[in-house]
Amino acid sequence: MIEDGFSPESLRERAEEAGSVFTAEELLATNKMVMMALYSLGGERSCASVFRAGRMLAGSFGAETLEDALHTFCELTGADYDLDRDYVAIESCPECLGYVNVEGTVCNFLRGFISRAAEHELGEVVSVAQVACEATGDRRCEFILGERGEVGGFDTEVDEMTAEDIEIVMSADGRDAVEVAAFKIASEGLLRCALGDVARPMFFRAGRLYVRAFINAFDPEDPDELIGHVEEISGSSYSLEGNRFIVEKCLECAGMPFKEPICHAVRGALAETLEHWDVPFKDLVEVRCAAEEDEIAGTCVVKARGVIWKAKRVVDAVKRAFH
C-alpha cells in the first residue's frame, strides 16, 4: 500500500484531483493546524514520527540518487533545490509554509526524506541536520548531511492561537493547489503509517485541539458560528441527519490511499464541539469514509451513539450546531 499509494505517479494523480476541489489556502491551513496540534500533543515523539514519514516517502520514490529523489519531490510540490556534496538547500519549502511562532527549524519530514534518499545512494546510514529554515525567517531551508542538529518547536500552543495566527496559517503565498495537495497527502498520509496504532487517538486529539483553537480565537456565541469558521478554513460543509453528521467534501481524507475509515481528526473536532455546548453523547463512529470508498474528495458520515436524540434540548442544541 505504501509503495503504490505514495509513488510519484499516484501522488500526482491524487493531488491533481484534490487540487481541483480545494483551494491552496484550504489545503494548507488544515494541514498546518493538524500538524501543529500533533506536535503539541506528541512533542519529540511526533518529530520522530514525522521524520520516519519522510523516510517512507523517499523509499516509495525508489530513486537511485539523492538528486533524483529531490528532483521528483520538488517537481511534485513546487519547491526548488540546490545540492552540493553534503549540502542541500530547499527554496519555497512546502513543509514550513504557514507555521506561526516558530522557535527552531521544523522540517522533520524533509530531514527524513533526505536521509533515506542519501542512505539509498551511499549504502550507509546518513544523519541530517537542518541549519536554516524558512519558517524562522531564513531565505531558504538548509541541511547538512553527516551532522546532527537540534529539533525546533513552537512558542504558542495550538489552542492558544489568535485570529491573526490563523490568518497566517491560511496564507498559501500564491502556491498552486495541486502542489500543496501533493505535500499534504504525502506528509499526513505517511505520518499515519509511521504512527501505527496510535494514529487513531493522536489524530482524534489533534481534532479536539483544532476546534479549541477556533473557540479561543473567535469566541463563537453558538455552535453554528463555530462551524462557519471551520467550513471557511476547510472548504468542507457539515450537516445533521438524525444522529449522523454528514461531512461533504471531507478534507481530512481527500486524496488518501487508504481502504479504511481515517477521519479521526473530524471525529475529534465534532466531539469537542458537542462537549463544549453540553450536548451528551457516548462516542462518535465513522460509518462512511470517502477514502475507503476510493473517492478523492467525497462524503464522510460520523454517527453519534449513546444519546437520547428525541430529547428536545438535545435536538435543539445539535440543530444549532449543524445547518
Side-chain angles (χ1 to χ4, degrees), residues 11-38 76-79 92-100 109 135 158 161-189 191-192 203 206-207 209-215 217-218 220 224-239 245-257 262-270 272-273 289-291 295-300 302 322-323:
L11 270 178
R12 185 175 292 107
E13 179 181 352
R14 291 172 178 276
E16 286 176 353
E17 191 164 347
S20 70
V21 175
F22 299 99
T23 68
E25 288 77 14
E26 291 164 349
L27 291 157
L28 173 68
T30 302
N31 175 245
K32 293 313 177 191
M33 291 292 288
V34 169
M35 292 300 294
M36 284 190 287
L38 288 167
L76 284 168
T77 63
S92 299
C93 175
E95 184 168 7
C96 57
L97 180 67
Y99 279 129
V100 296
F109 188 88
V158 173
M161 293 177 69
T162 66
E164 291 75 18
D165 291 334
I166 293 176
E167 285 185 8
I168 295 173
V169 174
M170 290 186 68
S171 176
D173 194 28
R175 299 299 176 93
D176 180 80
V178 175
E179 294 168 348
V180 177
F183 184 77
K184 180 184 186 300
I185 294 167
S187 58
E188 289 185 29
L191 178 56
R192 293 172 188 273
F203 273 84
L209 278 182
Y210 184 112
V211 166
R212 287 180 208 167
F214 280 92
I215 293 173
F218 299 106
D224 187 58
E225 183 181 345
L226 171 64
I227 295 302
H229 288 301
V230 174
E231 289 181 336
E232 180 181 1
I233 195 175
S234 67
S236 302
S237 62
Y238 296 76
S239 59
F245 300 98
I246 315 300
V247 186
E248 301 284 352
K249 288 170 52 182
C250 179
L251 185 50
E252 180 171 6
C253 66
M256 295 294 178
I262 63 167
C263 298
H264 311 312
V266 167
R267 290 190 305 106
L270 291 171
E272 190 69 23
T273 301
C289 182
E295 298 172 359
I296 297 296
T299 300
C300 296
V302 177
F322 299 91
H323 45 78

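In this chain, residues are counted from 1 in sequence order.
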(request) Taking the side chain as every heavy atom from C-beta outward, state whether Cys250 and Val266 have any pair of such atoms under 4.5 Å apart. (result)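 Side-chain contact under 4.5 Å: yes.
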Once rounded to the nearest 0.5 Å, what's the spacing between atom [atom1] of [X] and atom [atom2] of [Y]?
{"X": "Asp176", "Y": "Thr77", "atom1": "CG", "atom2": "OG1", "value": "11.0 Å"}
{"X": "Thr273", "Y": "Leu226", "atom1": "OG1", "atom2": "CG", "value": "5.0 Å"}
{"X": "Ile185", "Y": "Ile296", "atom1": "CD1", "atom2": "CD1", "value": "7.0 Å"}
{"X": "Cys300", "Y": "Glu295", "atom1": "SG", "atom2": "CD", "value": "8.0 Å"}
{"X": "Asn31", "Y": "Leu251", "atom1": "CG", "atom2": "CG", "value": "9.0 Å"}
{"X": "Glu231", "Y": "Asp224", "atom1": "CD", "atom2": "CG", "value": "8.5 Å"}

(message) Check whether Asp165 reaches the backbone of Thr162 with its side chain - one donor and one acceptor, N or O, closer than 3.5 Å.
(response)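 Side chain of Asp165 to backbone of Thr162, a donor-acceptor pair under 3.5 Å: yes, one is there.
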(message) By the salt bridge (charged side-chain N to carboxylate O under 4.0 Å, His left out) test, which pairs, at least two apart or in different chains, include something from residues 18-29?
(response)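 Not a single pair qualifies under salt bridge (charged side-chain N to carboxylate O under 4.0 Å, His left out).
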(message) Enumerate the salt bridge (charged side-chain N to carboxylate O under 4.0 Å, His left out) contacts for residues 177-189, please, sequence neighbours excluded, ordered by first and then second residue.
(response)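 Qualifying pairs, neighbours excluded: Lys184-Glu188.
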If you take all heavy atoms of [X] and [Y], which pair is closest and at what distance?
{"X": "Val180", "Y": "Ala24", "value": "CG1-O, 3.9 Å"}
{"X": "Phe109", "Y": "Ser187", "value": "CE1-CA, 3.6 Å"}
{"X": "Leu76", "Y": "Leu11", "value": "CD1-CD1, 4.2 Å"}
{"X": "Ser171", "Y": "Leu97", "value": "O-CD1, 4.3 Å"}

(request) For Ser20, enumerate each residue passing the side-chain hydrogen bond (donor to acceptor under 3.5 Å, both in side chains) test, keeping only those at least two apart in sequence or located in another chain. (result)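 For Ser20, no residue satisfies side-chain hydrogen bond (donor to acceptor under 3.5 Å, both in side chains) once neighbours in sequence are set aside.
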(message) If the condition is side-chain hydrogen bond (donor to acceptor under 3.5 Å, both in side chains), which residues does Glu167 pass it with, not counting sequence neighbours?
(response)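 side-chain hydrogen bond (donor to acceptor under 3.5 Å, both in side chains) check on Glu167 returns nothing, list empty.
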For [X], enumerate each residue passing the side-chain contact (heavy atoms from CB on, under 4.5 Å) test, keeping only those at least two apart in sequence or located in another chain.
{"X": "Ala181", "result": "Ala15, Ala18, Leu27"}
{"X": "Ile233", "result": "Ala29, Met33, Ile166, Met170, Tyr210, Phe214"}
{"X": "Ser92", "result": "Arg175"}
{"X": "Lys249", "result": "Val21, Phe22"}

(request) Can you run down the ring-ring contact (aromatic ring centres under 6.0 Å, His included) pairs that involve residues 163-182, sequence neighbours left out, and say none if there aren't any? (result)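 As it turns out, there is no ring-ring contact (aromatic ring centres under 6.0 Å, His included) pair with a partner in residues 163-182 once direct neighbours are skipped.
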(request) With sequence neighbours left out, write down each residue that passes ring-ring contact (aromatic ring centres under 6.0 Å, His included) with His229, or none if nothing qualifies. (result)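 Testing His229 for ring-ring contact (aromatic ring centres under 6.0 Å, His included), a comparison that skips the adjacent residues, returns Phe218.
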(request) Could I get the full list of salt bridge (Lys or Arg N to Asp or Glu O under 4.0 Å) partners for Arg14, not counting sequence neighbours? (result)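 Applying salt bridge (Lys or Arg N to Asp or Glu O under 4.0 Å) to Arg14 gives Asp294.
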(message) Checking Glu252 now: which residues fulfil salt bridge (Lys or Arg N to Asp or Glu O under 4.0 Å) with it, not counting sequence neighbours?
(response)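 Counting only residues at least two positions away or on another chain, Glu252 forms a salt bridge (Lys or Arg N to Asp or Glu O under 4.0 Å) with Arg192.
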